[in-house]
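We use all heavy atoms of the structure for the numbers below, so side chains are in, but hydrogens, waters and symmetry mates are not. Proteins come first, then strands; the chains are lettered A, B, ... in the order of their sequence lines, and each starts at number 1.
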2 protein chains.
Amino acid sequence: MARLAGVSTATVSRAISTPSVVSEATREAVFDAVRRTGYQINMTARNLRRRRTGAIVVMVPDLGNPFFSRILAGIEHVAAPAGFSVLIVDTKQPHAEEGQLFTYLHNTRADGLISLDGSLPRALLERLDGSNGLPPIVFACEWMAGGLFSKVVIDNAAGAAMAVRHLHRLGHRRIGHVRGPQGNVLTSARLKGTRAALKELGLRIVPEWFFDGDFSLQSGAEAARAWLALQERPTAVFCASDQMACGFISELSMEGYSVPRDVSVVGFDDIDIARRFIPSLTTIHQPRNDIGAEAAKLLIERIGNGKAAAPAVEEVLPVELVARESSGPVVPH
Amino acid sequence: MARLAGVSTATVSRAISTPSVVSEATREAVFDAVRRTGYQINMTARNLRRRRTGAIVVMVPDLGNPFFSRILAGIEHVAAPAGFSVLIVDTKQPHAEEGQLFTYLHNTRADGLISLDGSLPRALLERLDGSNGLPPIVFACEWMAGGLFSKVVIDNAAGAAMAVRHLHRLGHRRIGHVRGPQGNVLTSARLKGTRAALKELGLRIVPEWFFDGDFSLQSGAEAARAWLALQERPTAVFCASDQMACGFISELSMEGYSVPRDVSVVGFDDIDIARRFIPSLTTIHQPRNDIGAEAAKLLIERIGNGKAAAPAVEEVLPVELVARESSGPVVPH
DNA sequence: CTGCGCTTTGTAATCGATTACATGCTAGCT
DNA sequence: AGCTAGCATGTAATCGATTACAAAGCGCAG
């Protein structure tokens with residue numbers, strides 16, 4: 001390669017990575033040789049020397065969930081032009097136990113980490129911190145309590161409150177809620193927002209109207225069965241995810257109930273299908289693409305800073321209520 | 001590190017990557033040192049020496065499409081235990097022009113490649129081939145004509161024919177089709193299967209009943225508008241993707257039409273929401289997880305083979321019709 | 001004319017692991 | 001005892017780029 005261009009390897013390297021320091025003529029000669037041979041730089045060698053990996057890892061709780069795909073697209077969109085590859089790890093896969101995850105997190109594998117999973121084992125992060133192999137981490141959507149890490153999130157409690165107030169405005173006084181999975185930060189934030197809004201509006205808080213769920217379609221359907229089994233039913237239900245809302249409505253529909261006639265439903269996320277579901281879903285819109293993009297931007301900035309250990313930043317993106325057909329005025333029967 | 005364990009770097013390396021060749025005692029000493037220091041091997045250096053990258057690249061036409069997420073999960077599921085990181089590239093992102101893609105494909109970036117996108121620029125692959133930097137490639141779902149590459153696919157034409165025959169069995173004689181995007185291999189395979197089945201069954205093939213689409217929700221809705229505008233409407237429509245089927249039904253529903261009363265609809269893919277849509281979607285089920293897993297298996301095998309340049313393999317996975325509520329007997333009006 | 005400083009290029013060390021080759025040691029055989 | 005086979009380990013080269021340092025070439029000012 002260097003021989004072909006008639007210069008030393010050092011000059012070739014300079015021509016490629018710092019073109020401004022080599023003379024016009026040599027630069028041309030090198031580029032010419034590059035074109036002729038179809039030479040491609042060896043990233044592994046470059047990264048070894050530069051002591052970086054050129055990759056960022058994204059931890060996704062469940063790749064199968066369409067909620068995440070747009071966030072990934074947002075991340076990719078920012079990371080690729082900045083020269084970072086995006087490595088994806090599904091934290092809920094069976095092989096992804098602590099040991100495995102650990103090797104991913106370690107800085108010999110990636111320059112930085114975006115986690116969409118707020119329930120990474122605490123021990124893991126402490127181990128990382130201890131071995132000072134901790135790469136910069138940014139949480140997105142979900143996060144870990146403690147304020148140690150930067151995060152890009154939405155105001156979940158406010159979103160939940162918006163949903164409840166919307167239902168109240170429509171005349172609903174008996175409002176239920178389908179929770180997310182136990183122990184999840186989003187679950188508790190949305191639950192808290194829901195309770196706060198109910199209280200503020202002077203509405204009843206009835207334990208039987210709070211259904212278990214885990215964000216999935218299936219769990220929404222199960223919540224619907226629980227709703228059907230109630231003596232006194234809420235006239236409106238706020239689901240902590242659109243998927244659950246779809247499952248809820250779907251199951252009711254199979255039993256001959258109709259939304260919003262028999263019960264109003266509000267979801268959370270505004271996934272693509274929400275506006276095309278039947279009835280179209282009233283929901284809390286999250287800027288999924290922006291969440292990914294912001295998280296990537298933040299992370300890359302942090303990687304650039306070197307070991308500056310900047311204080312944790314918290315970015316809160318706006319949510320908004322999108323009123324569609326799944327919620328309507330309360331119907332006397 | 002080596003000093004801590006009281007041995008040479010060579011021995012440390014052997015203890016870690018070929019434990020069987022070092023003595024019991026030294027092995028223990030090394031592992032002990034590893035545990036105490038929290039040492040993590042530097043993948044970059046290892047990969048440089050081994051002349052591999054430890055990563056496989058997956059090219060996805062559109063990360064935002066939930067159809068792909070499960071395939072990715074399948075890939076990840078196989079790749080991670082085999083020691084490969086999964087790098088994801090969205091080929092439809094604006095920054096992903098030929099040059100960018102090229103650097104991804106090149107073997108200094110990844111040991112192999114799975115493409116879910118059958119419309120990679122031909123020039124790209126030729127360039128790769130020419131510069132003999134071509135890493136093993138496996139196509140999944142989509143593929144490129146020419147039989148040069150291994151692929152893991154389903155029998156799209158057969159799937160389409162199953163859909164048409166199903167509608168015929170229900171009494172439909174006027175059957176339409178919503179196509180996928182122009183120039184896509186899936187579009188043409190499914191179109192071909194549709195036409196072949198129509199012909200075989202002695203049904204009319206009416207150009208106005210073939211609607212343009214691009215697999216998206218939105219394009220399904222547009223097809224519905226086209227359907228509404230027809231003088232003589234088909235009583236059943238087979239959509240080349242579930243997303244389009246959902247968009248189609250949704251748009252009709254907004255106009256006061258109901259499925260399957262006014263028109264039967266069959267989709268393709270069996271995405272998660274299909275069984276929870278209202279009406280639940282009759283569709284052609286693809287084993288998405290298996291497609292990903294098989295593709296990864298095939299690719300990794302190929303990578304292991306070294307430059308053996310094995311002949312292209314074609315794996316065809318089974319599809320099946322899942323009859324649900326969106327298709328029903330033809331209703332006289 | 002000499003010398004300083006700037007630009008451009010080459011030499012060689014370096015990143016951190018792997019591995020070919022050499023060496024030392026032990027066991028087993030004659 | 002002497003010799004060989006084979007195991008365990010150390011030495012040093014290697015992967016392919018980057019970069020500190022040195023040196024060469026050139027222009028310009030004193």
Side-chain angles (χ1 to χ4, degrees), chain A residues 1-34 37-55 83 85 103 106-111 131-133 135 303-304 306-307, chain B residues 1-34 37-55 83 85 103 106-111 131-133 135 303-304 306-307:
Chain A
M1 187 54 211
R3 219 173 318 116
L4 188 72
V7 295
S8 75
T9 63
T11 306
V12 172
S13 172
R14 281 188 279 253
I16 290 168
S17 35
T18 342
S20 61
V21 310
V22 306
S23 75
E24 178 74 24
T26 25
R27 201 185 320 148
E28 281 314 312
V30 171
F31 285 163
D32 217 59
V34 166
T37 55
Y39 165 85
Q40 279 285 312
I41 197 161
N42 182 318
M43 280 300 177
T44 311
R46 162 181 286 186
N47 289 335
L48 173 59
R49 181 60 226 242
R50 290 198 176 159
R51 303 166 132 282
R52 42 163 267 169
T53 67
S85 309
T103 68
H106 205 277
N107 62 4
T108 66
R109 199 67 167 254
D111 298 327
S131 71
N132 85 352
I303 292 171
K307 294 288 155 200
Chain B
M1 186 56 211
R3 220 171 318 119
L4 190 72
V7 295
S8 75
T9 63
T11 306
V12 172
S13 172
R14 280 188 280 253
I16 290 169
S17 35
T18 344
S20 61
V21 308
V22 305
S23 75
E24 178 74 24
T26 25
R27 201 184 320 147
E28 281 314 313
V30 171
F31 285 163
D32 217 59
V34 166
T37 55
Y39 165 85
Q40 280 285 310
I41 198 163
N42 183 318
M43 282 298 177
T44 312
R46 163 181 286 185
N47 289 334
L48 172 59
R49 182 61 226 250
R50 289 197 176 159
R51 302 163 133 286
R52 44 162 266 170
T53 68
S85 309
T103 67
H106 205 275
N107 62 4
T108 67
R109 197 66 166 256
D111 298 327
S131 70
N132 87 351
I303 292 172
K307 295 287 154 199

Revision key, fill the gap. Between CE of B:Met43 and P of C:dA17 the distance, given in whole Å, is 10 Å

Practice item. Could you give me the CA-CA distance, side-chain angles and deciding distance for B:Thr44 and A:Asn47, then say whether side-chain hydrogen bond (donor to acceptor under 3.5 Å, both in side chains) is met? Key: CA-CA 7 Å; B:Thr44 312; A:Asn47 289 335; 5.9 Å; no

Practice item. Would you give the length of the straight line joining atom CG of A:Leu4 to atom CG of A:Asp32, rounded to the nearest 0.5 angstrom? Key: 8.5 Å

Exercise for review: Just jot down the side-chain contact (heavy atoms from CB on, under 4.5 Å) partners of A:Thr9, sequence neighbours excluded, or say none.
Suggested key: A:Ala2

Point to revise | Listed partners of B:Thr18 passing side-chain contact (heavy atoms from CB on, under 4.5 Å), at least two apart | key: B:Ser20, B:Val21

Review point. What is the distance, rounded to the nearest whole Å, between atom CZ of B:Arg52 and atom P of D:dG16?
Key: 16 Å

Revision key, fill the gap. Rounded to the nearest 0.5 angstrom, the CG-OG1 distance for B:Asp111 and B:Thr53 is 3.5 Å

**Study point:** Spacing of B:Arg3 atom CZ relative to D:dG10 atom P, expressed in whole Å
**Key:** 14 Å

Review point. Under 4.0 Å between a side-chain N or O of B:Thr26 and OP1 or OP2 of D:dT9?
Key: yes

Check your understanding: Excluding sequence neighbours, so at least two apart, what forms side chain to side chain donor-acceptor pair (under 3.5 Å) with B:Thr11?
Key -> B:Ser8

Exercise for review: Could you check how far CD of A:Glu24 sits from P of C:dT9, rounded to whole Å?
Suggested key: 11 Å

Practice item. Drop me the distance from A:Ser13's OG to A:Ile41's CD1, to the nearest 0.5 angstrom. Key: 6.5 Å

Point to revise | Residue met sooner reading DNA chain D from 5', once B:Ala10 and A:Arg46 are mapped to nucleotides | key: B:Ala10

Exercise for review: Sequence neighbours left out, what passes side-chain contact (heavy atoms from CB on, under 4.5 Å) with B:Ala29? Give chain and number order.
Suggested key: none

Point to revise | All side chain to side chain donor-acceptor pair (under 3.5 Å) counterparts of B:Ser23, not counting sequence neighbours | key: B:Thr26

Find every protein N or O atom lying less than 3.5 Å from an N or O atom of nucleotides 13-15 of chain D, and list the pairs.
from   : atom 1 : to      : atom 2 : distance (Å)
D:dT14 : O2     : B:Arg49 : NH1    : 2.8
D:dC15 : O3'    : B:Arg51 : NH2    : 3.3

**Study point:** Global bending angle along the helix from C:dC1-D:dG30 to C:dT30-D:dA1, which compares the axes of five pairs at either end, to 10 degrees
**Key:** 60°

Review point. Does B:Arg51 have any side-chain contact (heavy atoms from CB on, under 4.5 Å) partners at least two apart in sequence or in another chain, and if so, which?
Key: none

**Study point:** Qualifying salt bridge (Lys or Arg N to Asp or Glu O under 4.0 Å) pairs with a residue from residues 10-24 of chain A, counting only residues at least two apart or across chains
**Key:** A:Glu24-A:Arg27

Check your understanding: Rounded to the nearest 0.5 Å, how far apart are CZ of B:Phe31 and CD1 of B:Ile16?
Key -> 7.0 Å

Protein-nucleic acid N or O pairs under 3.5 Å, nucleotides 25-27 of chain D:
none

Check your understanding: Among residues 11-23 of chain B, which contact DNA chain D at a heavy-atom distance under 4.0 Å?
Key -> B:Thr11, B:Arg14, B:Val21, B:Val22, B:Ser23

**Study point:** Protein-nucleotide distance (A:Asn47, atom CG; D:dG16, atom C1'), rounded to Å
**Key:** 12 Å

Study note, to complete from the structure: Interatomic distance, CZ@A:Arg50 vs CE@A:Met43, rounded to 0.5 Å, equals 8.5 Å

